[in-house]
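Quantities reported herein were computed from a predicted structural model and do not represent experimental measurements. All residue numbers in this chain count up from 1 along the given sequence. Counting starts at 1 for both ligands and their atoms, in listed order.
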Amino acid sequence: MDNTDTMAKRNSPAVVGPKSPDPDISSESCLMEGIADPGMIVIVGASGDLTARKIVPALFSLYLNNGLSDSFLVVGCARTRLSDREFREKMRNALKTAGILDDRKWQIFSRSLYYRRVDYGELASFQSLADSLKELNKKHGTEWNRVFYLAIPPSLYKSAAEMIGKAGLSTENREGNGWARIVVEKPFGRDLDTAIDLDRSLHKHFKEHQIFRIDHYLAKETVQNILMFRFANAIFEPLWNRRYIDSVSITAAETLGVEHRAGYYEQAGVLRDMFQNHMMQLLALTAMDPPSQFEADRVRDEKVKVYRAIRPFPISRLQDHLVLGQYGAGTVEGKRVPAYRDEQGVDPQSLTPTFATMKIFMDNWRWQGVPFFLTSGKRLAEKRTEIVIRFKEVPHSMFRQTLGEQITPNRLILGIYPDEKISITFQTKNPGPRVCLRPVTMDFNYNQDHTGPLPDAYEKVLLDVMLGDHMLFWRQDGVELCWAFLTPVLKGCETCVDRAEILFPYESGTWGPKAVGDLKK
Ligand code: NDP
């Protein structure tokens, strides 16, 4: 098979950006950054959930949007015995489930899908994978560009990365083509020591520029928009500090329970699952200073400064800064759901937290004294992700005596899910003869005036890996600083004698334990 029948020739560039109503900004300038180099993406753990639900649908979607090179291959590998045909069938079903199967396009795309069996700790099987990849490279003209995507349990990252390296698959050509990259999914370790250890193992065979630590949250359009909103509009930044802001609340609420991931979640809990990565990224984007340029390392430098400024929690008074909860039975979206401890695979005595609210302070000039409330939990009342900036009250209200009313402070809401929007609430006069105040909301919906497709977060990160752009990926210093903050907190929670007493039960379908109210006082 030659290149021409690997994938259909696609000459037009992918249109994924907004069509601007402003005639000065052509939609051409918002096109996808580029088309990926010829190359192969080798998914290690391809028999699993992430591959079927996220990685392959994202690759197919990129293909449909002309984001992939014509010479592009996907090679799945895992211990399960599957033929190429069986793997293709499994992936076809996955696309059908995702609702994006286009049979005509699939016929062409699927010719670029292969499957090879590997044993994650066995060098011989990676050497035979290397031989296979070289053959496929010759056949498809992928210029020996390789992405290794580790879609396996985190306990296997070290051995798989080492086997890839020992089999000679991590070596890059000096001339610039023939690149090799490795993608690691969160969690990056389970505390500071294991994160450092994992990093050492990755660096045995890969250099930092070859390592991509994925946090797909960062690739969500509305999350990326936080920086544009803050630093491309002159009116907000002067207010974005302790003088005008009273508090910031960052919430990532889920209605789902632990689902089929109890094995992982029992070991992780909400702090490792959500706070060490997604919540910390949202915090950094909200609190960081503007970088001098929109460039990967400058942006990541500013994020790292935020993590350095987080004030450590006094471990003896954790309850002043942290509320942990675990869901009980309840009703979510009209359906009765079981308690966490009754979920399949969960220890009936489990003390794993499924909810947390943290009150964080930062020791720097911009944020001194402003509390940041970070909340995430499972089985909550709604699936919602948002950042709420609560401004201070007016310094003096001329209405207070006349109206006897408290003036509600202004709020700016950066909605990430389900409404991708920006809202500002402010006070106006209630229409009518009496003088009364009325809070109103001004909304900007992210999709307003947008006509093109919006890329899914996994599409964006996969494309960036292939383009070698690190902007939306964690850098190791950020990972370590976040663990340096969280590890003592986790130890404090996991080793304290009255562990059960610091874990508050909450009914599924509510907004979490009542104790959160005390933290916010
Ligand atoms: P799975 O649990 O589905 O595992 C992937 C594959 O790894 C399995 O198909 C299996 O393949 C192999 N495997 C699983 N357990 C073991 C084991 N104990 N020993 C050896 N091999 C094993 O993982 P996911 O696909 O859900 O996730 C992959 C990675 O991505 C994980 O690190 C996860 O934390 C991360 N992640 C996943 C998300 C998701 O939505 N699924 C979201 C964000 C991150 P085989 O037996 O064929 O070798």
Side-chain angles (χ1 to χ4, degrees), residues 41-59 74-84 86-87 90-91 93-94 97-98 114-122 125-126 129 147-164 182-190 194-195 198 201-202 211-220 223 252 254 256-281 344-345 352 376 378 383 385 456-462 465 472-474 479:
I41 176 154
V42 182
I43 308 171
V44 182
S47 55
D49 175 73
L50 188 72
T51 307
R53 275 197 319 112
K54 298 288 181 188
I55 305 174
V56 170
L59 288 169
V74 180
V75 183
C77 42
R79 294 171 312 175
T80 304
R81 288 187 190 281
L82 290 175
S83 64
D84 290 339
E86 286 166 326
F87 181 60
K90 194 168 149 65
M91 295 304 115
N93 289 338
T97 309
Y114 292 86
Y115 185 86
R116 297 291 177 266
R117 195 188 166 274
V118 292
D119 228 314
Y120 309 118
E122 201 183 272
S125 87
F126 277 84
L129 174 69
V147 174
F148 294 94
Y149 197 126
L150 301 189
I152 39 180
S155 55
L156 300 170
Y157 289 168
K158 278 172 61 178
S159 65
E162 218 158 313
M163 291 305 134
I164 292 167
I182 188 161
V183 180
V184 193
E185 271 282 352
K186 62 125 190 173
F188 316 119
R190 47 177 289 110
T194 49
L198 168 64
S201 301
L202 293 175
I211 303 171
F212 290 75
R213 301 175 191 85
I214 278 202
D215 189 334
H216 70 275
Y217 242 60
L218 278 178
K220 289 179 187 280
V223 172
E254 292 180 64
L256 287 179
V258 68
E259 309 304 302
H260 58 284
R261 303 188 75 212
Y264 155 75
Y265 201 81
E266 273 283 89
Q267 300 304 314
V270 69
L271 295 180
R272 290 188 179 87
D273 186 48
M274 290 297 289
F275 281 70
Q276 202 282 332
N277 33 68
H278 308 324
M279 301 305 282
M280 285 293 165
Q281 283 291 351
Q344 201 181 356
T352 301
S376 180
K378 290 194 177 291
K383 181 168 165 60
T385 307
D456 160 80
Y458 268 91
E459 278 174 58
K460 170 78 181 136
V461 284
L462 279 163
V465 171
L472 301 180
F473 297 83
W474 279 88
V479 173

Self-check item: Flag: protein heavy atom within less than 4.0 Å of atom 47 (O) of ligand 1
Solution: yes
Quiz item: Below 4.5 Å, heavy atoms only, C-beta onward: do Val183 and Phe148 meet side chain to side chain?
Solution: no
Quiz prompt | pair Phe473-Val461: side-chain heavy atoms closer than 4.5 Å | solution = yes
Quiz item: Which atoms from ligand 1 have a heavy atom of Tyr157 less than 4.0 Å away?
Solution: 31 (C), 32 (O)
Exercise. Check ligand 1 against Thr80 and write out every atom of the ligand that is under 4.0 Å from a heavy-atom position of the residue.
Key: 45 (P), 46 (O), 47 (O)
Exercise. Considering heavy atoms of the protein only, find what lies nearest to atom 23 (O) of ligand 1 and give residue, atom and distance to 0.1 Å.
Key: Ala151 O, 4.5 Å
Quiz item: What's the shortest heavy-atom distance between Leu198 and Gly189, and which atoms?
Solution: CD2-N, 4.0 Å
Quiz prompt | Residue-ligand contact Arg53/ligand 1, heavy atom below 4.0 Å | solution = yes
Exercise. Specify the protein heavy atom at minimum distance from atom 33 (C) of ligand 1: its residue, its atom name, and the distance to 0.1 Å.
Key: Arg261 NH2, 3.5 Å
Quiz item: Where is the nearest protein heavy atom to atom 12 (C) of ligand 1: which residue, which atom, and how far?
Solution: Tyr120 OH, 3.7 Å
Quiz prompt | Residue Lys186 vicinity, atoms of ligand 1 by number, heavy atom under 4.0 Å | solution = 34 (O), 35 (C), 44 (C)
Quiz prompt | N or O pair under 3.5 Å between Ala78 and ligand 1 | solution = no
Quiz item: For Thr51, is at least one N or O under 3.5 Å away from an N or O on ligand 1?
Solution: no
Quiz item: With a cut-off of under 6.0 Å to the ring centre and 45° to the axis, is Lys220 in cation-pi contact with Tyr217?
Solution: yes
Practice problem: Mark yes or no: Arg261 above the aromatic ring of Tyr264, with NZ or CZ under 6.0 Å from the six-membered ring centre and no more than 45 degrees from the axis. | Solution: yes
Quiz item: Are any of the N/O atoms in Ile152 less than 3.5 Å from those in ligand 1?
Solution: yes
Quiz prompt | Ligand-residue contact atoms, ligand 1 with Leu156, heavy atoms, under 4.0 Å | solution = 19 (N), 20 (C), 21 (N), 22 (C)
Quiz item: Can you tell me which residue and heavy atom of the protein come closest to atom 45 (P) of ligand 1, and the distance to 0.1 Å?
Solution: Ser47 OG, 3.4 Å
Quiz prompt | Least distance between heavy atoms, Met91 atom then Ala46 atom | solution = CE-O, 4.1 Å
Practice problem: Identify, for atom 26 (O) of ligand 1, the protein heavy atom at the shortest distance, and state residue, atom and that distance. | Solution: Asp49 CB, 3.5 Å
Quiz item: atom 44 (C) of ligand 1: which of Arg117, Lys54, Glu185 has the nearest heavy atom?
Solution: Glu185
Quiz item: Do Glu254 and Lys378 meet the salt-bridge criterion of a basic N to acidic O distance under 4.0 Å?
Solution: yes
Quiz item: Looking only at heavy atoms, which two atoms of Leu472 and Leu218 are closest? And how far apart?
Solution: O-CD1, 3.3 Å
Quiz item: Hey, is His216 touching ligand 1 through its side chain, its backbone, both or neither, going by heavy atoms under 4.0 Å?
Solution: neither
Exercise. Taking the side chain as every heavy atom from C-beta outward, state whether Val184 and Ile214 have any pair of such atoms under 4.5 Å apart.
Key: no
Quiz prompt | Minimum heavy-atom distance Thr352-Tyr265, with the two atoms named | solution = CG2-O, 3.5 Å
Practice problem: Examine the proximity of ligand 1 to Arg79 and report which part, side chain or backbone, both or neither, has a heavy atom under 4.0 Å away. | Solution: both
Practice problem: Kindly give the heavy-atom pair with the smallest separation between Thr80 and Tyr115, and that separation in Å. | Solution: O-OH, 2.6 Å
Quiz item: Looking only at side chains, do Tyr149 and Glu185 share a donor and an acceptor under 3.5 Å apart?
Solution: yes
Self-check item: Closest approach of any protein heavy atom to atom 7 (O) of ligand 1, naming residue and atom
Solution: Pro153 CD, 3.4 Å
Quiz item: What atoms of ligand 1 come within less than 4.0 Å of a heavy atom belonging to Pro154?
Solution: 32 (O)
Self-check item: Non-hydrogen atoms of Ala52 and Ala94 that approach each other most closely
Solution: O-CB, 3.3 Å
Quiz item: Nearest protein heavy atom to atom 24 (P) of ligand 1, by residue and atom, and its distance?
Solution: Leu50 N, 3.8 Å
Practice problem: Using distance alone, determine whether Gly45 and ligand 1 share an N or O pair under 3.5 Å. | Solution: no
Quiz prompt | Within reach of ligand 1, part of Pro187 (heavy-atom separation under 4.0 Å) | solution = side chain
Quiz prompt | Verify atom 18 (N) of ligand 1: protein non-hydrogen atom under 4.0 angstrom away | solution = no
Quiz item: Is it true that Lys186 and Asp273 have a side-chain N and a carboxylate O under 4.0 angstrom from each other?
Solution: yes
